[in-house]
Amino acid sequence: MEGLNYIGAGLIVIGAGIGIGRIGGQAMEAIARQPEASGKIQTAMLIAAALIEGIGFAALFAA
Amino acid sequence: MEKLIEQFSLGLFVWQLVLFVGLVFLLKKFAWGPILNSVNEREEGIKNALDEAENARKEMQNLTADNERILKEARAERDLLLKEAREMKEGMIADAKEEAKMQATKVIEQAQATIHAEKQAAISEIKNQVAELSLSIAEKVVRGELSDKAKQTKLVEDMLKEVTL
Amino acid sequence: MHRINLVKLLTLLLLTVTISVKAQHDTHNEAPVENAHSGKDLKTEIKEYINHHLLDSYDFSLFSYTNDAGEHKYVGAPLPVILWDGGLQVFSSSKFHHGETVAEAGGNFYKVYHNKIYKTDAEGTISYDEAHHPTNAKPLDFSITKNVAVIFLVGLLMFFIFSRMAKSYKKNNLMPTGFGRMLEPIIMYIRDDIAIPNIGKKNYKKYMNYLLTVFFFVWIINLLGLTPLGVNVTNNITVTLALAIITYLLTTFTANKNYWKHIFWMPDVPVLMKIILAPIELLGTFIKPFALMIRLYANITAGHIVLMSIIGLMFIFKSWIGSPLSFGLAFGLALLELLVAALQAYIFTMLSALYFGMAVEEHDDHH
């Protein structure tokens, strides 16, 4: 049964990875569209990425 | 999670809290406070300098505007003065001309009057002389005529003939 | 001038990373030799080494090796052990001989087991319960461990750098000199791009001391973690917990009425929602610093584990293709870790500022 733990954690990490990837990609797009707002976008991106990352780590430690 | 709890150590926790809080207060007093104050002061100084420069620029603008205004006024005044002077000059010339004209007329009139008077005098003189001359001629003629009787009679007759009644 | 300083710093950092990788490489060179003695296989050896590196320790050892005579030698310095066990006990950690022997102090005997000090008898017997947890008494342990020493040294370093920087402002007509020129933009960045936008112009000043200290503290310690000194402070949950607790306490004790109102009685929502939201919001206040703690800890720990594992792969592959490959990977990863070191410090500061901003927010109209 212990294996399931790791599979679950892996799934969550994949999810988190996709999430952070999307955040990064969208932020890039947003910056390309509005380069003058790049500072604000970067901040928002980092915060959002950090929050998702937190979930990922929580999963890792729970496993 | 269990591993995390196992890793927790009270000693390290207390040390970290004490050292970190101590560090915050030390740095507040000796580093962040003075640094942030200095930066603020500097920013304030830069802002003030910019404001001052702006003010100076405005004042400068005002000054140039003033200068321009004064120059304009001076120019206007000069124009006015010149105009007045010109007018005065023209007036004077006109006056002088008139005076001269008047004087001239007067002189001419006087001259004419004098000439007229002289002429009158000359005429009256001539008249007198003519009268004297005629008188003397008449005397001489009368004398010559009156010396002959026939002739006297003839004259009277002629004269009578001329008179038609 | 700025650019030259930056280039110098980057070069220095690169050098440090390279040396770090090389030094860890050196340490691992001993693994096969040890192998012969202990009979453990290489994989377990590397695993244990990594696990050992991640733990705090009672002495400041850079690396250990076994000499030709078969003796186990450690390079490093012992640190003072301070215990409270019915009275203050202070002795040098060299008495433990790196956990190999029992230390005697004031008539009591102590032994290090799994990086914790237990009270034992003269032979160092440790009794276990069913779950293999030691049942021996644990004295209150306030030892200057490796982490405490590093924290202390970093504190001194920061005090030295920043108080000198503060003085240079006075001397040089409100302009910093030397190294301060490079640090000033960072301080300005924290003020103008982290504190002011998140907390607001009115309240940011009282948090600046904490934000600046925490940023530089975490950053410097993260960077030191990448050096071959074996420093691993921010990948100790205790340290990040202490930092997160300070953030939590600051948030809680500087919060205004509006903050509490948003937690316990959220405005502009139906009463039922208010009742449901209150415990969630209250839980949220604990989760926020908890996430802060886990994030910093996990990022740095994960970085160290992955980096050291990849370096360890060199000794497992032992082939002309594997070693350069894992060296290249480790080098690239070390560069990434440099970024992560700064990024985590930034995120910790940023999120702390965000929480402070929530605590002192004035207007009622949003949400």
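In the text below, chain A, chain B and the rest are named by the order of the sequence lines, each starting its count at 1.
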Checklist entry - Does atom CD of B:Glu99 have more than 12 heavy-atom neighbours, drawn from other residues, nucleotides or ligands, at distances under 6.0 Å? => result no
Checklist outcome for this item: CG of C:Leu241 to OG of B:Ser9, rounded to nearest 0.5 Å, is 11.0 Å
Item to check | C:Ile144 vs B:Trp15 side-chain heavy atoms within contact, under 4.5 Å | outcome: yes
Checklist entry - Checking heavy atoms, do the side chain of C:Ile187, its backbone, both or neither come under 4.5 Å from chain B? => result side chain
Next on the checklist: My understanding is that only residues two or more places apart in sequence, or in another chain, count here; which of them pass ring-ring contact (aromatic ring centres under 6.0 Å, His included) with C:Phe286?
Outcome noted: C:Tyr248
Checklist outcome for this item: For residues 159-171 of chain C against chain B, heavy atoms under 4.5 Å, the residues are C:Phe159, C:Phe162, C:Ser163, C:Met165, C:Ala166, C:Tyr169, C:Lys170
Next on the checklist: Could you check whether atom CD of B:Gln120 has more than 12 heavy atoms from other residues, nucleotides or ligands sitting under 6.0 Å from it?
Outcome noted: yes
Item to check | Per-residue contacts, residues 202-218 of chain C versus chain B, heavy atoms under 4.5 Å | outcome: C:Lys205, C:Met208, C:Asn209, C:Tyr210, C:Leu212, C:Thr213, C:Val214, C:Phe216, C:Phe217
Item to check | Which portion of B:Val14 sits near chain C, non-hydrogen atoms under 4.5 angstrom | outcome: side chain
Next on the checklist: At under 4.5 Å between heavy atoms, what parts of residues 43-73 of chain B are in contact with chain C? List them by residue number.
Outcome noted: B:Glu43
Checklist entry - CE/C:Met158 to CG/B:Leu27 distance, rounded to the nearest 0.5 angstrom? => result 5.0 Å
Next on the checklist: Heavy-atom cut-off 4.5 Å, strictly under: side chain, backbone, both or neither for B:Leu12 against chain C?
Outcome noted: both
Next on the checklist: Consider side chain to side chain contact (heavy atoms under 4.5 Å, CB included). Of C:Asn236, C:Leu243, C:Ile246, which one does B:Gln16 pass it with?
Outcome noted: C:Leu243
Next on the checklist: I'd like to verify something: which residue of B:Gly11, B:Ser38, B:Gly33 has the highest number of heavy-atom pairs under 4.5 Å with chain C?
Outcome noted: B:Ser38
Checklist entry - Among C:Ile82, C:Val233, C:Ile151, C:Asn147, which residue forms the greatest number of heavy-atom pairs with chain B at distances under 4.5 Å? => result C:Ile151
Item to check | C:Tyr189, OH: over 12 other non-hydrogen atoms inside 6.0 angstrom | outcome: yes
Checklist entry - What closest approach, in Å, do B:Phe8 and C:Thr238 show between heavy atoms, and which atom pair accounts for it? => result CA-OG1, 3.5 Å
Item to check | C:Met188 portion near chain B, given a 4.5 angstrom heavy-atom threshold | outcome: side chain
